[in-house]
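In each ligand, atom 1 is the first atom listed, and ligand 1 is the first ligand listed. Hydrogens, waters and symmetry mates are skipped; everything else that's a heavy atom, side chains included, is used.
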Amino acid sequence: MCRVNSTSIAFLSVLLFCFSSFEVTYSAREGKQWRKQSIAGGFRRLMAKGGSSDVVADATTTFNVLDYGAKGDGRTDDSKAFEAAWADACKVEASTVMVPSGSIFLVGPVSFSGPNCQPNIVFQLDGKIIAPTNSKAWGSGLLQWIEFTKLKGITIKGKGTIDGQGSVWWNDSPTAQRQDSTTNHTISGELDGKMSSTKPTALRFYGSNGVTVSGITIQNSPQTHLKFDDCTGVQVSNFVASSPGDSPNTDGIHLQNSQDVVISAATLACGDDCVSIQTGCSNVYIHDVKCGPGHGISIGGLGKDKTKACVSNITVRDVNLQNTLTGVRIKTWQGGSGSVKQVTFSDIQLSEVETPIMIDQFYCDKSHCSNQSSAVEVSEINYVNIRGTYTVQPVHFACSDSLPCSGVSLSTIELQSVKENHPLSGPFCWETYGELKTSTEPPISCLESGKPFNAGAQSSSDSC
Ligand SMILES: *[C@@H]1O[C@H](CO)[C@@H](O)[C@H](O)[C@H]1NC(C)=O
Ligand SMILES: *[C@@H]1O[C@H](CO)[C@@H](O)[C@H](O)[C@H]1NC(C)=O
Ligand SMILES: *[C@@H]1O[C@H](CO)[C@@H](O)[C@H](O)[C@H]1NC(C)=O
C-alpha cells in the first residue's frame with residue numbers, strides 16, 4: 001500500500017535514528033520498562049502511521065503496550081501492561097496508546113479513566129484484544145469489560161478487533177447451569193465455573209465529551225457491544241459489531257443520556273437491537289448503516305418502572321435491514337412519563353423483516369404487564385421512503401388510550417409481503433393520529449387524521 005522510493009527511505013532512516021534516540025531519552029527519563037527498538041521495528045511503526053511529519057512528536061507521545069511488558073500471545077494476562085501504558089499516556093495531551101497489529105492481547109476488565117487525564121488521547125487499536133473466559137476474572141459480575149470514563153476528547157481507531165468471547169456467557173442460561181451442577185463438566189472447556197448472571201458490555205464510554213470510534217470491530221460481546229452513557233459529541237464511523245443472531249441481549253450500539261451523536265458507515269449484526277436509543281438522548285443522526293441479523297433500530301424501551309424518559313431530534317436515514325425482527329421501532333412501557341418527539345426515519349430499505357414499522361406503547365418483556373394510564377408521549381414521528389419486504393406485518397402502531405400517538409406522518413411507504421399474492425396481516429393502528437402524505441402500499445387506512453381529543457393531557461411535571 002505504501003509506495004516508497006529509495007530517497008525517502010534514506011530520509012526516513014535519518015528521521016528514525018532521531019526517533020529512536022528520542023525514545024531512549026524519554027524512556028530513561030521516565031524510568032519505564034523499555035524494549036529495545038530495532039530500526040526495522042521503528043520503521044514498521046512509522047510506516048503504519050503513514051507519514052513522517054509527526055515523527056518527533058510520536059517518539060514522545062506514543063505508548064506501545066509491548067513496551068510495557070504486554071506479551072500479545074493470547075494467553076498471558078496483559079491487563080497490567082495496558083494499565084501502565086494508559087497511566088503514562090494519560091499525562092500527555094494528544095498522546096497515543098498503541099496496540100499493534102499481529103498480536104492477540106488477553107485483557108481482563110479494565111477502566112481507562114480520567115478525569116485527571118490530559119485531553120485528546122488516541123487509543124490506536126490495530127491488534128486484537130480478547131476477553132477472559134474463566135469466571136474468576138469477572139468476580140461476582142461487572143457491567144462492562146473495557147471502559148473509558150470522564151475524558152475530554154478520546155478516540156479509538158484502527159483496524160483492530162475487540163473480541164468478547166461471549167459464547168461462554170450466552171450459553172450460560174439458567175437451564176445450562178442446572179444441568180451443569182449435576183456433573184463436573186464445565187459449559188465450555190475453558191470455563192472453570194459459572195459465569196456471573198451480570199453480563200458485561202464489551203466497550204463502554206461514560207461521562208466523556210468528544211468521543212470518536214472509527215474503523216474497529218467489536219465481536220461476540222457477552223452483552224451490548226458498544227455503549228455510550230452520559231457522553232456528548234460522539235462520532236462512530238466505519239464500525240463493525242458482529243455476533244450471532246441468537247446471542248441474547250447483544251445490542252450493537254447502545255446510547256443513553258447522550259447528545260450530539262453521529263453514527264455512520266456501521267455494519268451491525270447481533271442478537272438484539274442494532275442500535276438502541278434510550279432516555280436522555282437528543283440530536284442523534286444515524287446514517288448509512290447495515291443491520292442484520294438483529295432486532296432493528298429501536299428507540300426505547302422507555303419509561304420502565306414509572307420512570308420519566310426524554311428523547312428528541314433523532315434522524316435515521318439510509319439504513320439497510322435484513323432478516324431483522326423489526327425495522328424501525330419506538331417502544332415504551334406503560335406507566336412512564338416524558339416524551340419521544342421529532343423523530344425521522346427515512347430511506348430505509350428492508351428485506352424479510354418481520355415488522356418494518358412499529359410503535360408500541362404497551363412494551364412488556366414479560367407475559368403480562370398491567371394497564372396503566374400514564375405513558376411516555378409519542379409525537380412528531382416521520383416515516384419517509386420506507387421500502388422492502390416483511391414476513392409478519394408491515395405496520396404496527398399500538399398507542400396509549402390515555403395519551404395517543406400524534407403527528408405520525410408517512411410518505412412513500414412500499415412494503416410487500418414475502419408471500420407473493422398472499423398478504424399476511426395488514427397494517428394495525430390503535431389510537432394513532434397523523435397524516436398520510438402519499439398513498440402507501442399497502443394502504444394504511446387505520447391512521448386517524450387530525451389531533452387526538454386529549455392531546456397535551458400530560459401534566460407539566462411530566463413534560464421534558
Ligand atoms: C470429574 O472430573 C474428574 C477429573 O477431570 C474425572 O476423573 C471424573 O470422572 C469426573 N466426574 C464426573 C462425575 O464427571
Ligand atoms: C437536531 O440534530 C441535528 C444533528 O443530528 C442537529 O444538527 C440539529 O441542530 C438538531 N436540531 C435541533 C433543533 O436541535
Ligand atoms: C389493557 O388495554 C388494552 C388496550 O386498551 C386492552 O386491549 C386490554 O384488554 C387491557 N387489559 C386489561 C387487563 O385491562
Side-chain angles (χ1 to χ4, degrees), residues 152-157 205-215 226-239 241 251-268 273-291 296-300 302 308-321 327-332 337-349 357 359 376-386 405-412 434-435 437 451 455-456 458 460 462-464:
K152 282 199 180 69
I154 175 71
T155 296
I156 295 197
K157 64 184 180 72
F205 291 88
Y206 174 75
S208 296
N209 183 348
V211 182
T212 303
V213 175
S214 166
L226 174 61
K227 184 172 194 165
F228 299 93
D229 193 352
D230 242 327
C231 292
T232 53
V234 174
Q235 304 250 5
V236 178
S237 62
N238 298 304
F239 170 73
D251 283 349
I253 303 175
H254 190 102
L255 304 174
Q256 190 162 333
N257 292 317
S258 294
Q259 299 88 41
D260 304 321
V261 178
V262 181
I263 296 171
S264 65
T267 303
L268 310 169
D273 294 330
C274 285
V275 181
S276 166
I277 300 165
Q278 299 291 332
T279 186
C281 291
S282 58
N283 303 355
V284 175
Y285 182 27
I286 296 168
H287 66 97
D288 296 285
V289 168
K290 280 201 179 90
C291 165
I297 311 288
S298 296
I299 297 176
L302 302 171
K308 178 169 167 178
C310 297
V311 172
S312 64
N313 190 17
I314 312 290
T315 301
V316 177
R317 163 173 91 58
D318 288 303
V319 171
N320 191 308
L321 297 118
V328 291
R329 168 167 62 159
I330 297 172
K331 47 185 178 176
T332 69
S337 62
S339 63
V340 186
K341 57 187 179 190
Q342 295 141 10
V343 177
T344 298
F345 297 109
S346 79
D347 304 288
I348 310 288
Q349 187 74 43
I357 296 177
I359 297 176
V376 179
E377 185 176 11
V378 176
S379 64
E380 298 171 67
I381 314 295
N382 306 298
Y383 300 91
V384 182
N385 194 21
I386 302 195
C405 300
S406 65
V408 174
S409 92
L410 296 119
S411 145
T412 323
E435 187 186 359
K437 297 202 163 171
K451 289 195 168 21
Q458 233 185 9
S460 56
D462 287 346
S463 63
C464 288

Have a look at Asn313, Asn283, Ile314 and point out the one with the heavy atom closest to atom 10 (C) of ligand 2.
Asn313
Take atom 7 (O) of ligand 2 and look for protein heavy atoms under 4.0 Å from it; say yes if you find one, no if not.
no
Residue, atom and distance of the protein heavy atom nearest atom 5 (O) of ligand 2 read Tyr285 CB, 3.3 Å
By side chain to side chain donor-acceptor pair (under 3.5 Å), Ser208 pairs with (sequence neighbours left out) none
Minimal non-hydrogen separation, Ala241 against Gly252, with atom names
CB-CA, 4.2 Å
Thinking salt bridges, do Asp251 and Lys227 make one under a 4.0 Å N-O criterion?
no
Is the shortest distance from atom 14 (O) of ligand 2 to a protein heavy atom below 4.0 Å?
yes
Residues at least two apart in sequence or cross-chain that pass disulfide (SG to SG under 2.5 Å) with Cys281, listed by chain then number, are none
